Amino acid sequence: MATIIYISLAFLLIFCVMAVMSHSLLKSAIYLALASATLGVILYVLGAYWAAVIEVSVCSGLITVIFISAISLSKIKKEEVQKLYSDKKRMWFLPVMLIVVGVALIVLALANDLSLTNTAEKVTEDFREIFWNTRQADIIGQIVTILIGGIAVFVLFRDDEDKK
Amino acid sequence: MLNFQTIMLFVGFLMIIAGCYCMIRTYHMLKIIIGIEVAMKAVTMFLILAGYMNGHMGLAQAYVITAIVIEVIVAVVFAGVTIGLYKKYGNMDIRNLTELKG
Amino acid sequence: MNGWILITGILIPLLGALLLPLFGKLSGKFRNIMALTFVTTAFILAVCALTGVLADKPFSARYVLPLGFSFGFLGDALAVFLAMTASFVSCIIVIYSFGYIHEYENQNEYYMMVCLFVGAMMGLVYSTNLIAIYTFWEISSLCCWRLIGFYREEITIDRANKTFIITVLGALIMLVGFMGIYSQTGTFDLTEMKGAYIPSWCVVLILFGILSKSATIPLHSWLPDAGVAPSPVTSLLHAAVLVKIGVYAYARFFVLTFEINEAFTTIVPVIAAVSALYSAGVAFRENDIKRVLAYSTISQLAFILLGLSCGEKIGIIGGLMYIMAHSVAKGGLFLCAGIVEHNIHTKDIRKMGGLAKTMPLTATAFALCACSIMGIPPFFGFFTKHMVIEGIVSSGNIVLGVLFVLCAVMTVMYLIRLFVKVFFGQQTFSEVKEGTPIMVVSVLILGIISLLLGFFSFLPSHLATMIWGLM
Amino acid sequence: MFNSIGEFLCHGANLIIFMVALPAICGILLWLFQKQYIVKLVIAILSSVTNLIFALGLSLHNEFFTRVPYAPFEFEFLFRVYDLCALFIVIAAVVFVLITLYTVIYSKKKHYGGLYLLYLYISFAMVNGALLSDSLGSMLFFWEGLLFPLFGILLIKNNNNPKTAVKTLTLVGLSDLLLMLGIIITSHTAGTQNLSEIENLAISGNGMLGFICIMLGALGMSGCMPFHSWIPNASDDSPTVFMVAFPGALQVILGVYLALRTVLDIYGFVPGSGISIIIMALGSVTLVFAAAMMLIQNDIKRLISYCAISQLGFLVMGIGSGLTDGIVGGLHSLIDYVFYITGLFMISGIIEKQFGTKDLRQLSGLLKRIPATMVCFIIFLLSVVGFPGFNGFLSKELIFNASLKTNVIFYICALLGTFLTALSFLRMGMSLFFEKKNAPSEIKKESKSSVGMLIPVVILSSLCIGIYSQNGLVEYALGIGKIAGVTFALIVLFAAAVLLAVFDYIYGYKKSGNALNCANHIIYAPGIKRVYKSAEKGYFDPYNWLIALVGGFSDICVRMEHGVSWVYDKAVPGMVNKVGLALHRFDNGRLSRYLYLVIGGLVFITFVFIIIK
Amino acid sequence: MNYLNYAGEAFLLIPLSAIFLNNICNKRFIEKHFHILTGAVALLQMIAAVFAFYIMDANQMLNFDFSVFGSSKITGIELFDINPVSLVFLFCIGMVAFVSVMISIRTIDVKKGSYVNLLMTLLIGMNGMVMVSDLFSLYVFLDVIGISSFVMIAMFRSRKGLEGSIKYLIISEIASIFILMGLSFISMKTGSLSFKDIGRNLLTNTFELQTILIYAAIILMIAGFSIKAGIVPFHSWLPDAHQSADTSISVLLSGIVIKIAGIYGIYVLTNIFGGIKAYQVSLAGLGIISVVVGALLAACQSHFKRIVAYSSVSQMGYILLGLSTGSTLGIVGAVAHVFSHAAFKSTLFTNAAAIHEQTGTLEIDEMGGLQSRMPVTAFSSTIAFLSTAGIPPFAGFWSKLLIVMALWGSGNQILAGFALCASILTSAYFLRLQKKVFFGKTPEHLSSVTEVTGSIKFAEILLTAVTCIVGVLFPLIIIFLHSRGLI
């Protein structure tokens, strides 16, 4: 299990960094989707099946769609984007920083013998039961959030009555 | 000895750093939400990791699902606002947004 | 338990003030009369409270609240003394305002604020709770902010803001001092902490508030600037109410209630001496009639502070009587200055002269009041000045005594200079008439009272001696 | 009769009612009846005579105390009648009768007459009160009470030019406040306010300060040197009646009374001590300076006012010596002073009223016009100079004695003063009465009757001849033993000084051919000329020094005040504004900066956690 | 107890049903009468809060757990919890929402339906947030509040509105990330995120990664809630967002949203971690920095609403100072200040609305001399300013006094004194505002201005009355609190 996780973590990190550093928005979105998918793998390996499914479907699916539609709505030429934002140039420091921080963290952890350990035995519980029975507040929140999403689409994307 | 939980934690940290770095350094509005998403991925991972460690994986999944829903809605709203701004300014440069200052 | 008299005395002007704008919508005259009624009621109730003092059963009311808060009202000799002085002079000022203010805008607000001011003063003197005192203190700051800014011009607003900032900052710092006391005693009730020793840093903080309110160097700057207000307002501020709050607080806290470090009986007189001399010096060179009087106020307040702080019985009694003398006489002076300013539309004394011929009654009243301030017998001011200086000399600080005598000399010099420049010399305004009867009568009343008080000085002295007895 | 009046007065508040309130009430009556001349005259005479009778009654009665209970805390209205003060009261009462008479007649048709009389009567009430007070506080009360009428009178005629009034009030006020300080310090050192309980305080430390302040106050009231300069100014532009009453009589009586009391009982004054030398020096400077100033005056009243100042110098010298001779001489001198200076001022008033001018250059040859006045004038003159047979003689000689005993320099000063006084009186008298230079037409025609005004003058002049040896009276008052006799040698020296003056006059007259310019050879002598010039310019006027001092101080204060205002109006708001603006500029609206701030905040909190942990 | 249950459910269900009502009914009809619907919801909320408070007080209950649909009674886990403090917050929410409605009658012309929807979702978010008993649910409702606010600010799609919205959104999302991170770190050690299960026992002194992470979680959550509350240095979004939104929305944002989203979060944290020294110090540090910097920044703004927004920053600092003590008195003071701030800040925004309606501008340099033309506005703004500046006897003074007393009692005398004296800065910038807007000369183009009428005037008078009455009767409140053993 650990091996898969290590490999997935490496991919996850790489995809994330690529998403950040890529000078093309489209590529960024795709890298992000890939990162989501990798995350889904990790979640699955850890035993969070439901979460993994949702992650893969929603994050790497829905959000990518939203992105791509937003990107396509903004009709700027690719070269122009690069010239205007020059993200690649501005982001070069990121990998260096990440490596430094990563090494530092590992050294610190090793030096002080710090590591995370499981605090409790795994409890067998049904996700659905928990979600529906004990997370009512969250569900209300989710409903309302989705409601707001609808209203937001209604309010923000409609083209008529533009000015107050 | 480093176990995979610790490594996951560290990778999460690095992802959050990457996300924040992206948010601060980029000029493109959509890129900012990518930064946010990257950070959110890390947070999702943390939640599940926590669930794995304390044994309440079901609860952690409930958290994650809720968080993802919110994440999506935020992305939608963000995209809406961004497109509104694009209509006003003709591009998505965050540097335009200095009308409110001081 | 006749505390209701005190509470009524506070509430009638306070609540009445809020009604005045409504009355003003009905009729201006009605509003004016009601304003006078409210202030007069305060005075009458203060006189009623005097009976309690004389019978040695001061009126009081007290409701204890948690956390050391309380509603406490006590009409002891000091409170009644100040209440009577302030409300009486305020009555005269309100009467005078009928003649002075009637042609300006914002009259509703004016009368409301004056009434509120008087109410705040009543509340301040009767309250025995530090928080209540602070509350009324701030209400008075608020009133003076609105009143100084009465003309709503750029400069007046700036000055009003300055006043507000300085006095409120002082009050806030004082409140920090109160907190210090609170942490020592666990209560805000003055009656419970009689004789408590409070640390010097608290005293310094509270002094800061007191000095800022009673305009003592170096926190005096707002007072001369406040002269841009209408004259009855300056009179109310500089003479009758506002600046007296500071010295009242000094008397209440450091004379009657708390034990403080001995060193303050030297430090405070020294501050007072600097303040007195310095402001007298400035007054001698000022050319704005109201600024001269304002600096004179600063100087005279230093005398009061000196008397109260020297630690000797005669000085304290003298200082208390000085409050009365100064209220009446300086009130009169400002009102006279108001008549002059109102009639010739300038405040520059270099442009005035020979007004005694055209406005003899005003000149007379001015002279009477000025004599009281200068300390010329048989005017009331003489006794008080004498007693105050005697107080500081008896405390063994002869150098300060000499300084204050010099200051008294300068008082004579600048007041005479002012008087002569305004009312004598070459006549520059020949077409000027005497002020309206109501204004002239009110200043004459004040002038004559400062003369009569000289003959009957044993009455306030008796009361002041009773205040000493409270210690 | 007098005894029964005394009995009556010594009961309770009667004293203050009759000696203080009565004049005040009469003054108000006079003010109310200012239009009716006869009524006024009657009231004036009645009241002043009544007052005199009461005063005599008091003086013949035994010593007693009275306390008026209506006084503020620790401020006692305590009265005591005893020898010295009785004497002064009588003197004051006598002069008052004459002054009143003179004033009522003088101001017969003047619009200010009523107000003037009111002030005069109030002042007199104050003088009575001050003389009778036994507590220092109440004395101060009455003493300073003079200020207000004084100021009022000076303003009466001078609405447009109130400078003199201001000067007077400033100088007298200064001396009064010094007196206040002195009294406070004295009562503090003595532990009581009651004069009768204070005795021989030590003149050292606080006592020194108290003594100096009291003496300055007392002498300042009477117009001695540092406080003198208002008198000549007042003589210029105040009514003559003022000069008659105030610098001429009431103020001097008060001042000398207190000075005497101070030297005699309040403080243990040692003759020949440093403080005594200082006071005598003050007196002699006053004497010489004022006498010298007399030489250049061309105005009768001004000249007489300088004369008054210089005569005061004699008094101060006498009292300041602290010797029996000096004090007795001083007291004598006071009585004489009151008579002749008052008389002289009255005469100047008569002349001014009759001829419409008081300028010596315009007046001459009055011998025939007002012979009676002239006779009185000469009597006063001789009395001032101190001719034997006249009032001034004995007192002058006693003071000469005392000054010689103290230090020969003072004696020389005294002689010099006598010389100058004699010279300037010769100058004035000759030019006024005997010279016939100016055409009479230049002088206004003699106005109507002044007989009434002459009556007090005649009375005074007769007093100047009559009771020149009041030995018994003074001894009775002071209760001291016999004084040393008058030394023959001193009389000779004195006579030499007077003769020298005569010769000098003749020399000067010959040289300049004009009585008025007879002293030019002295005035324009090298060195002295400069002194005179600067005196003319007012360099010796302490009032100018005071104004300059206060003005300088004020300028400093105003500068500082500007600084303080700057701090309040500009500096502090500016600073707040600048900090605010700096923060304001920092916020440039860029998202990245906002985010950096967030990270910064996070770091801050982490930092706090690391530090506290 | 059923009544309490109903009341608690009402806080969530009434707005929810209002949304349905709003969207079901005829659009034109609802646009005409939208204020009745929303006003009724706000009023009901206030009434329910008072009612619940009364019942709880009568039964001497300190908290009441319930769940909305009753089903979770089977598992015995109660999801919502109301207590006196949350009821005060709920009341404030109702009050400010009511004011917002009053203002919106005049200021909002289009998209009234959306306004109603968003207001209701915002209400649900806020009500939910103060009622939940679980940190994760807290986070969910926090984001509900956040997203509603973003949309509300951007609603009219003006340049400024969109700009303010996006800035708020981005920084707010960072806050969400911080808070979620904190939550996950905490839940690494505990199984549940319910308030009851988290406590100081998390912080054993052993030097292990979990403990460090708990500390990190505290730091992150302070930062996150501080961002939501607009505490300096996390404040930068606040003035932008508050200035750019429509006034009826900024009154919500400034009057209540920052307090629910930020301060209530910190309040919850304080209940859990209040005893930690470092926690107190960092709150106190942030608080005092906010007080001073907020005031200084407000002193040199030229936009009416921006001044008021920076004033909020400054006042949030006071609340934070109160919470930093961790003592009951401090919390009482902070809650009191939340209430008084809601009152006077709403007043000020109402004034802004009135001025904007009548003059068409909010740049204070373009105004002047409005006092004689708009007396009610001038008067109410003066009262509000005095209350803000802590001048007695208005409500702001008492709450500030309680905070300072608590600070003093907890041994931070110097800080207390400094905080007290710093309120002079408040006076300073409000005096400037008063001078520029209400005094001085009236410019030409404003010579025909008259007093605002209708709902805004009503709201001004109402809020002023609340500020005054609460201020004057505050001793009664103290007596009440004392009698219930709270202070």
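Residue numbers start from 1 in every chain, and the chains themselves are labelled A, B, ... in the order their sequence lines are given, proteins ahead of strands. Everything quoted here is computed from the prediction, not taken from an experiment.
The heavy-atom pair separating I71(A) from L30(B) by the smallest distance is CG1-CD1, 3.7 Å. Across every non-hydrogen atom of A18(B) and V20(A), the tightest pair is O-CG2, 4.0 Å. Residue I63(A) comes nearest to E37(B) through the heavy atom pair CD1-OE1, 3.6 Å, listed as atom of the first residue, atom of the second, then distance. Listed here is the closest heavy atom pair of N118(A) and Y52(B): ND2-CE2, 3.9 Å. Minimum heavy-atom separation, F157(A) to A79(B): CZ-C, 4.0 Å. Heavy-atom minimum distance, K31(B) versus A19(A): CE-O, 3.4 Å.
A side-chain contact (heavy atoms from CB on, under 4.5 Å) with T6(B) is found for exactly one of L105(A), T117(A), L110(A), L116(A), namely L116(A). With respect to F10(B), the side-chain contact (heavy atoms from CB on, under 4.5 Å) criterion is satisfied by exactly one of L13(A), V101(A), I106(A), L9(A): I106(A).
Contact of Y31(A) with chain B is not made at all, since no heavy-atom distance falls under 4.5 Å.
Here the straight-line distance linking atom CZ of F67(A) with atom CD1 of I33(B) works out to 5.5 Å at 0.5 Å rounding. Within the model, atoms CD1 of I68(B) and CD1 of I54(A) stand 7.0 Å from one another, a figure rounded to the nearest 0.5 Å. Residue L25(A) holds its CG atom at 4.5 Å from NE2 of H28(B), rounded to the nearest 0.5 Å. Atoms CG and CD1, from L46(A) and I48(B) in turn, are 7.5 Å apart once rounded to the nearest 0.5 Å. L43(A) contributes atom CG, which lies 8.5 Å from atom CD of Q61(B) (distance to the nearest 0.5 angstrom). Rounding to the nearest 0.5 angstrom, the gap separating the NZ atom in K27(A) from the CD1 atom in I34(B) is 13.0 Å.
Taking 4.5 Å as the limit, every side-chain heavy atom of F127(A) sits out of range of all side-chain heavy atoms of L59(B). Between V72(B) and I66(A), the closest side-chain pair of non-hydrogen atoms falls below 4.5 Å. Side-chain contact between K41(B) and E55(A) is present, with at least one heavy-atom pair separated by less than 4.5 Å. Counting heavy atoms from C-beta outward, L39(A) and T44(B) have side chains that approach closer than 4.5 Å. Counting only heavy atoms from C-beta outward, the side chains of E71(B) and C59(A) approach each other to under 4.5 Å.
No other option in L98(A), D126(A), I148(A), I130(A) has as many heavy-atom pairs under 4.5 Å with chain B as L98(A). For chain B, the option among A2(A), G141(A), G149(A), S28(A) with the highest count of heavy-atom pairs below 4.5 Å is S28(A). Comparing S22(A), A70(A), A152(A), A29(A) by heavy-atom pairs within less than 4.5 Å of chain B, the highest count is held by A70(A). Your options are A35(A), G102(A), S36(A), and the one with the most heavy-atom pairs under 4.5 Å with chain B is S36(A).
For R90(A) (side chain) and R25(B) (main-chain N/O), a donor-acceptor pair under 3.5 Å exists by modelled atom type.
At most 12 heavy atoms of other shown residues, nucleotides or ligands fall within 6.0 angstrom of atom CZ in R128(A). Shown here is F13(B), whose CZ atom has more than 12 heavy atoms of other residues, nucleotides or ligands within 6.0 Å. Heavy-atom neighbours of Y89(B) OH from other residues, nucleotides or ligands within 6.0 Å: above the threshold of 12.
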For this session: Run the numbers on T66(B) and R135(A) for side chain to side chain contact (heavy atoms under 4.5 Å, CB included), then give the verdict.
Result: CA-CA 10 Å; T66(B) 317; R135(A) 306 307 305 169; over 6 Å; no
Exercise. Could you walk me through whether D138(A) and I65(B) pass the side chain to side chain contact (heavy atoms under 4.5 Å, CB included) check?
Worked result: CA-CA 10 Å; D138(A) 295 4; I65(B) 288 168; over 6 Å; no
For this session: Kindly indicate, with the supporting measurements, whether the criterion side chain to side chain contact (heavy atoms under 4.5 Å, CB included) is fulfilled by I83(B) and L156(A).
Result: CA-CA 9 Å; I83(B) 290 187; L156(A) 294 176; over 6 Å; no
